[in-house]
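Structure first, commentary second.
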Amino acid sequence: MSTAEAGTGRTLTTDIPARLDRLPWSRWHWTIVIGLGTVWILDGLEVTVVGNIASRLAEPGSGLSITSGQITGVAAALYVAGACSGALFWGRLTDRFGRKNLFMITLAVYLAATALTAVSWEAWWFFLFRFLTGFGIGGEYAAINSAIDELIPAAYRGRVDLVINGSFWLGAAGGSLLSIVALDTDLLAANLGWRLTFALGAVLALVILLVRRHVPESPRWLLIHGRDQEAEQIVSGIERQVAEEKGAPLPEPQGELEIHQRGSVTFLEIARTVFGRYRKRAVLGFSLFIGQAFLYNAITFGFGAILTTFFDVPSGHTGYYFAVIAAGNFCGPLLLGKLFDTVGRRVMISSTYLLSGLLLFGTAWLFDRGSLNAATLTACWCVVLFFASAGASSAYLTVSEIFPMETRAMSIAFFYALGTAAGGISGPLLFADLTGTGRVGDAVLAFCIGAALMCAAGLVAVFLAVGAERRSLEDVARPLTAVAERARSTARNARPGNRGGTRGGTRGGGPAAPSAASRP
């Protein structure tokens with residue numbers, strides 16, 4: 001690694017991104033997955049528990065004066081509104097103060113809020129802390145997805161990101177089964193079981209918080225914020241661990257990057273970058289998020305109500321059905337994730353969105369004909385969501401890798417917040433109204449709206465998806481701090497004999513590949 005003074009800051013030549021991307025998969029990477037990815041299990045637990053216990057909370061003796069419609073409508077919308085506002089608030093701080101600082105703080109906010117939800121005694125208290133729980137989770141989306149993509153090698157980034165985001169459904173399955181126990185009044189009092197489920201979420205968050213202490217700051221973030229020595233120490237330590245585990249020398253990194261270190265990026269620069277230089281990518285991000293947000297927030301919060309309203313499934317048994325579709329949701333990213341790195345982003349994103357939308361249209365047709373019962377409807381949803389889950393997870397992957405490093409967390413937050421606000425707040429409110437009427441035609445309409453939005457997003461992906469598979473983040477979107485090729489050549493000429501990044505007195509890379517700084 002080498003530096004040179006340039007104007008108001010330092011110009012830094014580094015091969016750290018290439019060194020991270022060329023690493024083979026190791027136990028260290030599993031530590032990152034466990035430390036950062038498991039929070040989506042908590043999100044799935046939260047969302048599913050509330051949907052499945054809605055009917056019990058609305059019954060006399062629950063300890064709350066609240067209706068089922070308020071839980072699946074108002075409380076669900078407030079949770080999503082909290083997540084949207086939290087994403088924007090914490091996303092900006094994540095780009096400014098670092099990934100690690102924020103993913104510790106946001107998890108602590110979630111922990112406190114969900115614990116306080118457990119002691120709700122009035123509807124307003126329940127609503128308030130549902131909002132604050134979402135506020136913490138929203139920050140997690142920005143901080144966690146940024147850190148994961150910046151720490152995971154390029155060859156594995158797609159599948160790892162999809163599986164981590166898909167792990168939401170492990171929590172959903174757990175929440176479904178947990179709700180069965182919580183709603184069993186032979187085991188737990190009606191005003192106690194639901195409180196224990198929220199308390200369990202707080203306990204799990206505490207465990208994850210302790211594990212997360214060992215996850216390092218993103219070296220890529222450190223580089224552009226003038227902390228290159230710290231970045232070098234972290235990467236060198238990772239390399240030693242991986243080399244010892246593999247028992248062989250690591251492959252040579254290919255390529256260097258030259259950046260001009262600077263302070264934080266302004267909102268104006270972010271807006272110009274996202275909506276000016278990358279306007280087509282912005283359209284892609286909005287389309288993917290709106291489609292999946294409407295579908296998932298509507299169905300996740302309302303599936304239990306559909307079963308009880310149209311098929312007379314007892315409220316205490318809806319968890320069994322939801323556990324089945326949750327399994328289908330997790331299997332989608334798990335089994336299809338590798339294809340996003342091999343077949344490619346464009347083909348897989350568009351096909352998963354289009355397939356899930358078309359299958360949902362078919363489900364709506366069968367539901368309208370009266371051809372489905374509770375079991376077959378659940379089976380249909382399981383197939384739909386197998387593809388939809390992989391597509392929805394790819395929305396987070398897409399916006400986290402197609403915009404420059406300096407705007408990554410804010411871009412994730414922005415698209416998540418606006419897309420989810422459009423689909424995630426209106427979805428539960430509209431779906432609760434439609435399913436609450438008890439008319440089949442109204443529920444079919446809700447299904448068709450979700451299907452149409454998924455298909456529309458899939459068509460956008462056909463034309464606008466970015467082929468980011470197996471490419472470095474710096475290659476997919478040049479950092480704003482990257483020095484232009486001409487400036488890079490000048491800087492090299494001004495440093496005779498300097499051939500780029502060094503570590504421990506020896507050069508880290510092989511023959512230099514074309515600089516990521518020279519690519520759009």
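Other residues, nucleotides and ligands contribute only 12 or fewer heavy atoms inside 6.0 Å of the CH2 atom of Trp30.
A parallel orientation is assigned to the rings of His29 and Trp25, their planes being inclined by less than 30° (bins at 30° and 60°). Between Phe286 and Phe275, the ring-plane angle classifies as parallel under the 30° and 60° cut-offs. Using cut-offs of 30° and 60° for the angle between ring planes, the Trp121 and Trp125 rings count as tilted.
With respect to Arg212 and Glu140, a salt bridge is recorded, a charged nitrogen being found less than 4.0 Å from a carboxylate O. Contact check on Arg99 versus Glu217 returns no salt bridge, with no Lys/Arg side-chain nitrogen under 4.0 Å from an Asp/Glu carboxylate oxygen. Salt bridge absent: Asp149 and Arg157 never bring a charged side-chain N and a carboxylate O closer than 4.0 Å. Look at Glu401 and Arg345 and you find a salt bridge, because one of the NZ, NE, NH1 or NH2 atoms lies within 4.0 Å of a carboxylate O, short of that distance.
Using a 4.5 Å cut-off on side-chain heavy atoms (C-beta onward), Asp95 and Glu406 make no contact. Put simply, the side chain of Phe289 reaches to within 4.5 Å of the side chain of Gln292, judged on heavy atoms. In this structure the side chain of Pro404 reaches within 4.5 angstrom of the side chain of Tyr278, judged on heavy atoms. In this structure, Ile41 and Phe168 have side chains that are not in contact, with every pair of non-hydrogen atoms separated by 4.5 Å or more. Counting heavy atoms from C-beta on, the side chains of Met405 and Trp221 come closer than 4.5 Å. Leu295 has its side chain out of reach of Leu453: every pair of non-hydrogen atoms, C-beta onward, lies at least 4.5 Å apart.
Evaluated for a ring pair (Phe, Tyr, Trp, His ring centres under 6.0 Å) with Phe367, the options Phe361, Phe310, Trp381 yield exactly one hit, Phe310. Across Phe415, Tyr396, Phe414, a single residue satisfies ring pair (Phe, Tyr, Trp, His ring centres under 6.0 Å) together with Tyr141, and that is Tyr396.
Looking at Thr309, its side chain never comes within 3.5 Å of a backbone N or O of Ile306 through a donor-acceptor pair. A donor-acceptor contact shorter than 3.5 Å is absent between the side chain of Asp368 and the backbone of Ala364. With hydrogens and angles disregarded, a donor-acceptor distance shorter than 3.5 Å links the side chain of Lys100 to the backbone of Val215. Side-chain atoms of Arg130 do not come within 3.5 Å of backbone N or O of Ala75 as any donor-acceptor pair. The backbone N or O of Asn329 sits less than 3.5 Å from a side-chain atom of Ser389, completing a donor-acceptor pair. At distances below 3.5 Å, not a single donor-acceptor pair connects side-chain atoms of Asn145 with backbone N or O atoms of Ser400. Judged by distance alone, the side chain of Ser356 and the main-chain N or O of Tyr353 form a donor-acceptor pair under 3.5 Å. For the pair Thr117 (side chain) and Ala113 (backbone), a donor-acceptor distance under 3.5 Å is present. Of the possible polar contacts, none joining the Thr114 side chain to the Leu111 backbone as a donor-acceptor pair under 3.5 Å is found.
Contact between Leu307 and Ala374 at its shortest, heavy atoms only, is CD2-CB, 4.2 Å.
Separating the CD1 atom in Ile208 from the CZ atom in Phe103 is a distance of 12.5 Å, to the nearest 0.5 Å.
For the pair Arg92 and Trp90, the NZ or CZ position fails the cation-pi test of under 6.0 Å to the six-membered ring centre and within 45 degrees of the ring normal.
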Step by step, work out the ring pair (Phe, Tyr, Trp, His ring centres under 6.0 Å) result for Phe135 and Phe89.
CA-CA 9 Å; Phe135 190 73; Phe89 179 78; 5.7 Å; yes
